[in-house]
Number of protein chains: 4
Amino acid sequence: MSHDSTYTTENNEWRLTLVEGPPLRADAQRNRARILDAAEAVFAEFGTRASTEEVARRAGVAIGTVFRHFPSKDDLLAAIMKRLLAQLVEEAGRHDLFAFFTHTVAQAAAKKTAVDLLAGSGVDIRLPDALAHLEEAVGRLLEQAQAAGAVADSVRLPEVMALLASVCQGALHGGWNEQLQARTLAVIFSGLKCD
Amino acid sequence: MSHDSTYTTENNEWRLTLVEGPPLRADAQRNRARILDAAEAVFAEFGTRASTEEVARRAGVAIGTVFRHFPSKDDLLAAIMKRLLAQLVEEAGRHDLFAFFTHTVAQAAAKKTAVDLLAGSGVDIRLPDALAHLEEAVGRLLEQAQAAGAVADSVRLPEVMALLASVCQGALHGGWNEQLQARTLAVIFSGLKCD
Amino acid sequence: MSHDSTYTTENNEWRLTLVEGPPLRADAQRNRARILDAAEAVFAEFGTRASTEEVARRAGVAIGTVFRHFPSKDDLLAAIMKRLLAQLVEEAGRHDLFAFFTHTVAQAAAKKTAVDLLAGSGVDIRLPDALAHLEEAVGRLLEQAQAAGAVADSVRLPEVMALLASVCQGALHGGWNEQLQARTLAVIFSGLKCD
Amino acid sequence: MSHDSTYTTENNEWRLTLVEGPPLRADAQRNRARILDAAEAVFAEFGTRASTEEVARRAGVAIGTVFRHFPSKDDLLAAIMKRLLAQLVEEAGRHDLFAFFTHTVAQAAAKKTAVDLLAGSGVDIRLPDALAHLEEAVGRLLEQAQAAGAVADSVRLPEVMALLASVCQGALHGGWNEQLQARTLAVIFSGLKCD
DNA sequence: TATGAATGAGTATTCATTCAT
DNA sequence: TATGAATGAATACTCATTCAT
């Protein structure tokens, strides 16, 4: 990809370089994605106290590049959360309420950082739009479940969201195994069905 | 405040003393408590990232005093947790399972730091004994509830603990109002009762 | 050595103590010596950066007692040195020049702290009197050696002191084994004899 | 200061650049050197207990810059030592054994920190390679001196190194004047020559 | 006189952020 | 636009010294 040639004279070394013009938008986009992936991995592994420098290292870019794409560390964390919420919305479209619960809880550990951030761990991040989208999606699942008689009519969206958030955090921090997760969700599902 | 009497024999003087524990220990104990209280408040307000200096300032002692009582920041955090767990155990003795759930969740926000630490937020704190005591206490409540027919026999202790931890975190981070808390717990209680 | 008896009543514990009057001067002297010994051991093991607290611990006294006997850490260090110098003067009286050299160098490692302090490692300690005494003693050994024809007449006291100090430090920090020590001293002894 | 020329062909633009090494690397190297110089001066003046802040201040950089170049204080101290050892090896190439001794001892005071570190003053620094190079260089000087009959054949390298180290420390800490230094070395040189 | 709790200045080190190249 | 060197405020922790008991 390099078009350089090198010439040496008495005292100096000269290099002939093909100047390719400004890096393409595509490169920048790729960098942005690599940084986000690296950040998700690093923060999941070491917590949000991990250094931005470590994120840059894992992403294979210089620290300045991280700050060009995300002007502050909080911006970077917010971006991770936004991506998680978008994924959840998308997944809500492919599941019924119970399956969505199960799937989401199972993924909680993998999405450690985002779940923590959702929980508001110190970092000041507000993503009302993204959260509203998720709430809408879950609302639809709840309506469907109630229409099918699988959930009691007395149940409302706020407590479903509250339960979802709670169990995600519980699973994440409690280090639940599959069995414990199943038994815990069973209690909640049973509660949603009974009056 | 002194309860000493003095007796003199041939060569010696004898003194009858009320043993109140080592001297100055009283002051030190007061400082220890003040530091713990200050730390609980500071960490609840700013998260565990808050500085030890801030804790000292709020406790009205010099920084060295904090470190004399708690040789590392983690020791301080562990002490906060231990105190919370002891309180919970004690409260478990005064409630039935449902009341304990409700009471504990309602207090979650007030005990922000401790709940976060229980959740394992980055800080490496292990209090297996204190946790085991709590589990025992909740186990007794569960047995009583099942004996009274208030909870299905299929329910086991691990999921009860998991639900308790989950809902505490949910309540804490979600900023639930009383109504939302009641409705969310209602679902869980209903799930514990139904098969 | 304790003359206490303990009685317990309903709520309180009572102790009957033999009050022995103010601690004897002898106790204080014993403490002073214990502190010096502890300090020598601690500073030899960890260097003069070791904490005064550690010295107190090893001496089995409280930190305040150390500072009562030695108002500052430098005073403590100076006392160690003074003791070493007095020992050296005393040993000079029992050896000829070569034996004194050998003996002193062999002990250098054991007296690590004092040797370091003599070398002036950062700490500001001046003990002109004690040093003068040592110089006098070594001067006498030199005169005897020269009178016996064992050392060249051209040799003067300052370089003998300089060589002694140098080799002590060399031995101390170089971790010499016995053989290396012997061979190194042999060169110096040979230099003192030859013209 | 730029030596670029630009050429344009059909689709591309070519630029002929004088390669001066990686950008900013020049500044960084200058800073590294300034920090090392400052550290040598500061530690020589106040001992290795002097603060890294003081080094930064004297070097005219921010504290973070010192730690970017030398991740720990020990790394900084080790770098100073390495530089001294390299200088000594180089100087060994320009002197005979006696001149090297004299020169090195005369410089001891100027290189206070390094000499102290060589002596192992508390700081944990190991530079086996650099030390081995110096030993090799001194070994060559010894061979030459013995071949020329200026040093007795019975003398071996270890005691020569031991004497060098000892006298450096002696000179450093004893605050020898030129005359004392000459007289002390005279004894040693005489010892090396005689059997 | 001994104790040991309290003080508080000082130290090494980290890390988000800026900016010259 | 990317790089990575520089910045400097912040932080956990240490330790000589003081002083109330």
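Below, chain A is the first sequence line, B the second, and so on; all start at residue 1. Because the structure is a prediction, the values reported are computed rather than measured.
- Here the shortest heavy-atom pairing between B:T48 and A:R49 reads OG1-NH1, 3.7 Å.
- What separates NE2 of D:H69 from P of F:dG4 is a distance of 14 Å, to the nearest Å.
- For the pair C:F46 CZ and F:dC15 C1', the interatomic distance rounds to 15 Å; values are reported in whole Å.
- Taking every heavy atom of residues 32-41 of chain A and every atom of DNA chain E, no pair lies under 4.0 Å.
- Distances from the side chain of B:R68 to the nucleotides E:dA12, F:dA12, E:dA5 place E:dA5 closest.
- The C:V61 side chain lies nearest to E:dT3 when the options are E:dT3, F:dT17, E:dT13.
- Rounded to whole angstrom, the span from the CG atom of B:D27 across to the P atom of F:dC19 amounts to 16 Å.
- Screening residues 60-73 of chain A for side chain to side chain donor-acceptor pair (under 3.5 Å) gives A:S72-A:D75 as the qualifying pairs, with residues at least two apart or on separate chains.
- Between B:N31 and C:N31, the residue anchored nearer the 5' end of DNA chain E, judged by the nucleotide with its closest heavy atom, is C:N31.
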Throw together a table of side-chain donor-acceptor distances under 3.5 angstrom for residues 32-47 of chain A, partners on residues two or more places apart or in other chains.
from, atom 1, to, atom 2, distance (Å)
A:R34, NE, A:A59, O, 3.3
A:R34, NH2, A:A59, O, 2.9
A:D37, OD1, A:R83, NH1, 3.0
A:D37, OD1, A:R83, NH2, 2.9
A:E40, OE1, A:R83, NH2, 3.0
A:E40, OE2, A:K111, NZ, 3.1
A:E45, OE1, A:R58, NH2, 3.2

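- Atom CG in D:D74 sits roughly 7 Å away from atom P in E:dT13 (whole-Å rounding).
- Summarising the geometry, the separation between CZ on C:F43 and C1' on F:dA16 is reported as 11 Å, rounded to the nearest angstrom.
- Residues D:V66 and C:S72 each lie close to DNA chain F; by heavy-atom proximity, the contact nearer the 5' end of the strand is made by D:V66.
- Among residues two or more places apart in sequence or in another chain, the side-chain hydrogen bond (donor to acceptor under 3.5 Å, both in side chains) test is passed with A:S51 by none.
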Please list, for nucleotides 8-11 of chain E, all pairs of protein and nucleotide N/O atoms separated by less than 3.5 Å.
from, atom 1, to, atom 2, distance (Å)
E:dG8, N7, B:G64, N, 3.4

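- Rounded to an integer number of Å, the gap from A:R57 CZ to F:dT3 P is 14 Å.
- We find that CZ of C:R30 is positioned 15 Å from P of E:dT1, with the value rounded to whole Å.
- Residue-to-nucleotide proximity on DNA chain F shows that, of B:P71 and C:F67, the 5′-proximal contact is made by B:P71.
- Across the protein-nucleic acid pair, B:E54 atom CD and F:dT11 atom P stand 9 Å apart, rounded to whole Å.
- Taking a pair as Watson-Crick or G-U wobble with both distances under 3.5 Å, the runs of three or more consecutive pairs in DNA chain E are E:2-21 with F:2-21.
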